[in-house]
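Below is one structure, written out as structure tokens; comments come after it.
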Amino acid sequence: MDYRPGEIEPKWQGRWEADGLYRSRVDWDKPKHYAVTMLPYPSGDLHIGHWFAMTPSDARARYMRMKGFNVLFPMGFDAFGLPAENAAVQRNIPPAKWTFDNIATMKKQMLTMGMMFDWEREAISCTPAYYRWTEWFFKRFYEAGLAYRREAVVNWSPSLQTVLANEQVIDGKDERTGQPVVQKMMEQWFFAMTKYADEYLDFSRVDWPDPIRIMQTNWIGRSEGANVVFTTDGGDELEVFTTRPDTLWGATFMVLAPEHPAVEALMTEDQRDEVEAYRRQTAGRTEVQRMEAEREKTGVFTGGYAINPVNRERIPVWIADYVLLTYGSGAIMAVPAHDQRDFEFARQFGLSIVPVIHPEGETLLIEPDMEESFVGPGKMVNSGPIDGVPANLEKGRKNPSVAAAIDWLESEGVGSEAINYRLRDWLISRQRFWGAPIPAIYVGSNGIEMVSDDDLPVLLPEDVEFTSGGGNALTRHEAFLNTTDSAGEPARRETDTMDTFMCSSWYQYRYLSPRYDQAPFDPEEAAYWLPVDTYTGGSEHAVLHLLYTRFFTKAMRDLGMFDDTAEVMRAHGRDPSGLFDEPLSLLRSQGQILGEEQEGDRIVADGQLDGAFLIASRVLVDSDAVAGDGSVVGEIMRRTENVLQVRTGDGMVTVEVPEGCPVEIPTIAGDNDVNQLRAHLEVQRMSKSRGNVVEPGALVAQYGADTVRTYLMFAYEWQKGGPWDSRGILGAQRFLEDVWKLATNDYTPGTAIDEADSLRAVHQTIEKVGRDFEVFKWNTAVAALMKLKNTLADTMAAGTVSAETWDASMETLLLLLAPIAPHITEELWHERGHSESIHLQSWPEADPEMAREDSVTMVVQVNGKVRDRIEVDAEIDETDAIELALASQRVQVYLDGGEPKKVIARPPNLVNVVV
RNA sequence: GCCGGGAUGGCGGAACGGUAGACGCGACGGACUCAAAAUCCGUUGUCCGAAAGGGCGUGUGGGUUCGAAUCCCACUCCCGGUACCA
């Protein structure tokens with residue numbers, strides 16, 4: 001009988017579903033394990049990256065189940081977001097239809113993976129049953145003062161009259177049309193994320209990877225210092241935050257963010273043109289571009305002055321784009337003598353530099369001899385009341401000079417100790433249609449009301465027209481816009497929708513009871529399953545998503561949303577204390593599968609060329625095309641939906657391929673379309689818009705899901721990922737074929753029975769695979785199983801074990817492989833006469849006695865270089881090991897009759913002789 | 001720029017500070033076959049050598065150590081994030 005995955009996989013998937021093998025039910029008599037893998041965005045098709053993320057998570061969930069846990073492993077879709085809206089604009093498909101079609105496709109594809117998802121718990125964030133509660137959370141947060149409105153910067157396209165996502169902006173221009181984009185202030189909704197800033201820094205209740213904890217810690221960016229108030233000539237107060245208030249006496253100028261509201265009053269008439277030109281220039285830059293310190297310092301003098309409150313010095317006020325409005329107060333005091341960035345700025349513009357820290361035991365350099373700012377320890381000078389106080393490198397009050405400065409500022413009433421965070425409040429407003437509506441209405445000229453709970457959810461209208469460049473379609477939908485307030489007066493609905501990160505911040509709670517309509521989740525379920533025990537997902541979510549969901553849980557806790565759950569826990573004798581502080585107890589993240597490198601198609605495009613923009617009337621792929629063959633000739637460097645970036649002989653041209661435009665690809669027969677055009681790819685992230693997606697459907701058809709699963713778990717270091725390689729999968733296929741043959745061929749014991757080696761391999765493998773599953777090292781677990789397979793193949797050929805031992809060994813291999821390749825192991829398990837599912841069996845136990853090695857190869861080094869290898873007893877002691885090593889012929893040669901200088905022994909593995 | 005991660009044979013990757021290259025892919029040689037595929041057996045870091053054996057080798061340059069892919073310092077390049085992609 002041959003191994004036919006195409007037959008056995010659908011068969012078992014059907015049986016498991018019919019038997020409800022993966023339904024998870026609350027059972028207080030069993031220990032629980034709640035495993036979650038990050039839910040996908042329904043982009044269209046499942047790609048290999050989804051398999052890479054989900055398969056090991058599934059294998060781990062299955063392993064935990066075999067270890068005796070009652071496991072919940074649900075799945076859902078994070079279904080609101082920009083791509084659905086792009087599809088609506090570009091192809092005139094309603095976002096809901098596009099999204100639900102994609103979900104149907106992807107779910108069908110997921111069913112072929114052999115996952116133990118409990119589909120009864122499926123949650124889809126764009127369904128009213130789900131976003132009703134997303135809106136409900138918004139209301140609760142608003143009522144608790146955690147949601148508020150204020151102005152913030154957006155990417156505004158003046159030509160399209162719409163807000164663009166950062167991703168849609170390339171080099172300060174709209175990526176589709178090449179139209180300029182400016183930074184503009186707009187009223188927006190925020191969540192008070194920063195309220196919990198200090199709590200996010202505490203990771204004592206979670207087991208998360210160090211890099212993620214470090215990234216979050218740096219993102220939060222807590223710094224200790226002081227707020228100091230400067231006063232402008234006009235009498236306005238300008239507050240700055242500084243971590244070095246001790247250097248205030250060396251502040252020789254101030255720098256404001258160009259958008260700072262005080263600039264208007266500060267600038268003098270003769271500086272107006274220059275200031276306004278600089279502000280316009282800044283408006284065209286993103287934050288990332290602004291912070292690139294490599295750039296030459298730029299800035300403009302406002303013409304205005306402010307008084308330094310510590311010494312009454314009148315100092316000039318500048319604007320520069322390296323100061324960001326979103327950090328601190330958007331204004332800094334500049335101390336060029338002791339801050340390198342300020343130093344460079346002062347040098348660039350000829351501003352004065354006054355040192356206030358005298359370096360320990362060195363001469364105080366003053367202008368013009370300073371070559372760089374001085375950031376070391378020393379003694380305060382030129383600093384009035386704090387002269388002579390030592391300054392060290394400690395932060396905050398631990399630094400005596402900082403402490404002295406803060407005390408002085410507070411006693412004089414010109415400043416106060418302060419803690420500043422880099423972390424900003426969470427901007428949740430999106431000026432888009434396809435998101436959960438914000439359940440607010442505007443009453444009269446500036447009143448705000450929340451929609452009553454009984455009227456939730458505020459539903460997204462279905463009869464919506466999408467036009468390119470029309471902004472948020474909700475703003476044009478009269479029936480949606482017009483409503484009445486609680487008093488029955490006409491009112492206008494909020495048209496902003498919520499950031500999709502809102503939806504994904506609480507889905508682990510919705511999974512527990514996706515149809516529950518009394519609350520976001522059923523306390524009876526939550527009391528048993530919470531918190532999430534294992535969370536896996538991409539490392540790209542290390543900061544944003546993972547901080548947002550922590551904020552959500554902490555806010556929910558403080559608003560009493562877990563109170564009912566805690567009560568049920570107590571009724572069952574479970575102590576709820578501390579269980580709602582963090583949503584995700586253990587986190588592990590995988591890397592990404594990147595695309596295989598490929599050249600972009602070289603195309604000839606005809607049409608009306610307008611500058612660097614072309615609306616194509618015909619596109620032809622022709623690798624030999626030369627300039628002059630058409631309007632645009634070159635390699636496709638990037639493709640986003642139907643917009644191509646083409647590199648021609650003299651630059652980049654944007655080519656839009658409209659619906660109905662003929663596309664000819666000679667190597668692909670039949671009618672071609674824009675989606676078949678290949679963009680140039682170096683090894684990089686796979687995504688639909690880049691066109692380098694590996695479709696697992698074809699792999700499943702060719703090799704079977706078990707092979708794809710095994711290969712993905714074997715071929716990469718999971719935490720790292722790597723470029724896709726389509727050849728290696730044959731190794732996984734051969735491995736499963738071999739297992740199939742070993743399990744189905746008849747075993748005949750030989751005459752010479754010697755079981756020790758074979759049993760040792762079995763028990764060492766049990767140890768190794770279990771250890772690797774605990775630490776998420778799938779590739780070495782599969783390697784160990786391959787090795788065991790090889791050993792058992794030798795055993796079968798030699799017939800060195802009894803029939804009983806053979807059967808037990810074979811079944812152990814199947815059990816260890818079951819979480820990785822669930823179908824083939826289930827088939828073989830039943831083939832061997834079992835009637836119960838292999839997935840309900842217990843994980844095998846290793847016998848340390850059988851796993852132990854009797855002898856090992858001891859390495860003998862001379863000066864750290866391997867010179868000999870000696871087979872020794874595993875229990876050898878140090879004296880015997882050294883004696884054996886020194887007796888070695890090879891070592892004798894190096895000793896040359898003399899005595900060794902030193903001998904290091906690490907029995908039984910190594911002896912190093914130093915001569 | 002800033003934060004985090006990474007770099008090991010032709011490729012993916014193994015390796016408590018202690019035998020570098022487990023396990024695979026690929027390649028090469030052989031068996032089977034009319035032939036090919038599949039399968040099976042063998043070889044495979046590199047250089048010198050008939051062999052025994054030896055030299056060199058974990059991105060680059062230094063350092064610590066009896067001993068460094070692993071720890072430290074300085075760099076280069078690549079990947080992820082950088083707050084409206086999800």
Side-chain angles (χ1 to χ4, degrees), chain A residues 38-41 43 78 80-83 86 152 154-155 163-169 188 193 209-219 221 286-295 322 326 422-432 435 499-501 504 538-545 547-548 589 591-592 594 682-685 687 689 711 714-717 719-725 727-732 734-735 737 777 779-780 782-787 790 857-866 868-869 890 900-904 906 909-915:
Chain A
M38 288 180 189
L39 84 178
Y41 175 79
S43 54
D78 181 21
F80 278 129
L82 191 58
N86 286 341
V154 295
N155 300 309
V163 177
L164 296 173
N166 288 340
E167 195 190 48
Q168 297 172 299
V169 182
Q188 311 261 22
M193 276 285 281
D210 279 344
I212 291 185
R213 291 161 31 156
I214 292 166
M215 272 191 272
Q216 291 205 352
T217 300
N218 291 335
W219 185 262
T286 63
E287 250 172 49
V288 174
Q289 291 174 313
R290 285 170 60 171
M291 292 303 285
E292 282 171 8
E294 206 92 324
R295 278 176 42 221
Y322 74 89
T326 47
R422 207 186 74 96
L423 179 70
R424 315 202 286 249
D425 276 347
W426 177 10
L427 195 171
I428 59 139
S429 280
R430 296 291 179 271
Q431 287 72 41
R432 295 186 211 297
D499 180 3
T500 56
F501 276 125
S504 55
S539 49
E540 69 273 22
H541 291 294
V543 174
L544 294 179
H545 162 62
L547 264 181
Y548 293 142
S589 62
Q592 295 189 348
L594 306 169
E682 290 176 7
V683 174
Q684 60 163 295
R685 190 170 161 178
S687 73
S689 64
Y711 176 54
F714 172 67
Y716 300 87
E717 190 186 339
Q719 330 259 352
K720 190 173 131 204
W724 173 251
D725 173 17
R727 294 176 306 179
I729 194 165
L730 290 171
R734 287 175 197 144
F735 168 56
E737 294 266 11
K777 292 208 62 176
N779 56 345
T780 48
V782 176
L785 290 169
M786 287 176 166
K787 211 169 171 174
N790 291 340
T857 307
M858 183 175 79
V859 171
V860 183
Q861 298 180 333
V862 176
N863 293 336
K865 279 190 188 297
V866 178
D868 203 0
R869 297 180 167 88
R890 306 250 171 79
K901 248 205 267 180
K902 192 174 175 185
V903 180
I904 290 121
R906 294 281 179 277
N909 296 314
L910 173 133
V911 173
N912 186 15
V913 181
V914 185
V915 298

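Residue numbers start from 1 in every chain, and the chains themselves are labelled A, B, ... in the order their sequence lines are given, proteins ahead of strands. Below, all heavy atoms of this structure are taken into account, side chains as well, without hydrogens, waters or symmetry copies.
The distance from atom CD of A:E540 to atom P of B:G5 is 16 Å, rounded to the nearest whole Å. The nearest whole Å value for the distance from the CD atom in A:Q216 to the C1' atom in B:U82 is 14 Å. Rounding to whole angstrom units, CG of residue A:N155 and C1' of B:C85 are separated by 13 Å. The separation between A:M38 atom CE and B:C85 atom C1' is 15 Å, rounded to whole Å. Separating the NZ atom of A:K787 from the P atom of B:G21 is a distance of 12 Å, rounded to the nearest angstrom. Taking atom CG on A:L544 and atom C1' on B:A86, their separation rounds to 10 Å, with Å as the unit. Between A:K901 atom NZ and B:C66 atom C1' there is a gap of 10 Å when expressed in whole angstrom units. The separation between A:L730 atom CG and B:G12 atom P is 17 Å, rounded to whole Å.
Within 4.0 Å of A:V543, counting heavy atoms only, lies no atom of the nucleic acid at all. At the heavy-atom level, A:V163 lies under 4.0 Å from base atoms of the strands shown. Within the nucleic acid shown, A:W426 has no heavy atom closer than 4.0 Å to any nucleic acid atom. At a threshold of 4.0 angstrom between heavy atoms, the contacts of A:Q168 with the nucleic acid are absent. Across all strands shown, A:I904 has heavy atoms under 4.0 Å from base atoms, whether or not it also approaches the sugar-phosphate. Backbone-only engagement by A:I214 is indicated by non-hydrogen atom pairs under 4.0 Å involving sugar-phosphate atoms exclusively. Base engagement by A:L423 is indicated by at least one non-hydrogen atom pair under 4.0 Å involving a base atom. Across all strands, A:H541 comes closer than 4.0 Å to base atoms (heavy-atom distances). Among the atoms of the strands shown, none is found under 4.0 Å from any heavy atom of A:T326. When heavy atoms are screened at a 4.0 angstrom cut-off, A:F501 is found touching base atoms of the nucleic acid. Looking at heavy-atom distances under 4.0 Å, A:F714 makes contact with a base. If you check every strand for non-hydrogen atoms under 4.0 Å, A:M786 touches sugar and phosphate atoms only. Looking at heavy-atom distances under 4.0 Å, A:G721 makes contact with sugar-phosphate atoms alone, never a base. Residue-level contact check: A:R890 touches the backbone only, with heavy atoms under 4.0 Å from sugar-phosphate atoms and none from bases.
Distances shorter than 4.0 Å separate none of the side-chain N or O atoms of A:R906 from OP1 or OP2 on B:G67. One finds a side-chain N or O of A:R734 lying less than 4.0 angstrom from the OP1 or OP2 phosphate oxygen of B:G26. An OP1 or OP2 oxygen of B:G6 is reached within less than 4.0 angstrom by no side-chain nitrogen or oxygen of A:K720. For B:A83, neither phosphate oxygen OP1 nor OP2 lies less than 4.0 angstrom from any side-chain nitrogen or oxygen of A:R424. Checking the phosphate oxygens (OP1, OP2) of B:U19, no side-chain nitrogen or oxygen of A:T857 falls inside 4.0 Å. At B:G12, none of the side-chain N or O atoms of A:N779 fall inside 4.0 Å of OP1 or OP2 (strictly under the cut-off). For the pair A:N166 and B:A83, the criterion of a side-chain N or O lying under 4.0 Å from OP1 or OP2 is met. Contact between the side-chain N/O atoms of A:K865 and the OP1/OP2 oxygens of B:G53 is not found at any separation under 4.0 Å.
The shortest side-chain heavy-atom distance between A:V782 and A:Y711 does not fall under the 4.5 Å cut-off.
The same atom, C1', is picked in B:A37 and in B:A31; the two are 15 Å apart, to the nearest Å. Only the C1' atoms considered, B:U8 is 10 Å distant from B:G57, to the nearest whole Å. Nucleotides B:C71 and B:C85 are separated by 39 Å at their C1' atoms, to the nearest Å. Comparing B:G21 with B:U43, their P atoms are spaced 15 Å from each other, to the whole Å. B:U19 and B:U58 have their C1' atoms separated by 15 Å, given to the nearest Å. For B:U60 and B:G10, the P atoms lie 14 Å apart once the distance is rounded to whole Å. Nucleotides B:G55 and B:G1 place their C1' atoms 45 Å apart, quoted to the nearest Å. Atom name P, nucleotides B:C75 and B:A22: the rounded distance is 35 Å, in whole Å.
For B:G54, the glycosidic angle deviates from 0 by more than 90°, giving an anti base.
Of the possible donor and acceptor atoms, one in the side chain of A:Q216 sits under 3.5 Å from a partner among the backbone N and O of A:A542.
Taken from CG in A:L427 to CE in A:M193, the straight-line distance is 12.0 Å, to the nearest 0.5 Å.
Summary of the strand contacts: A:N912 and A:Y711 both lie near RNA chain B, and taking for each the nucleotide with the nearest heavy atom, the more 5' one is attributed to A:Y711. Along RNA chain B, the nucleotide closest to A:I729 and the one closest to A:D78 are compared, and the more 5′ of them pairs with A:I729.
Side-chain atoms of A:Q861 come within donor-acceptor range of the base of B:G18, with a qualifying N/O pair under 3.5 Å. For A:Q592 and B:C79, a side-chain-to-base donor-acceptor distance below 3.5 Å is absent, hydrogens and geometry of angles not being considered.
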(Q) Let's test your reading of the pairing rules: Watson-Crick or G-U wobble, both distances under 3.5 Å, then write RNA chain B as a dot-bracket string with ( ), [ ], | and dots. (A) (((((((..(((.....[....)))((((((.......))))))((((....))))..(((((..]....))))))))))))....
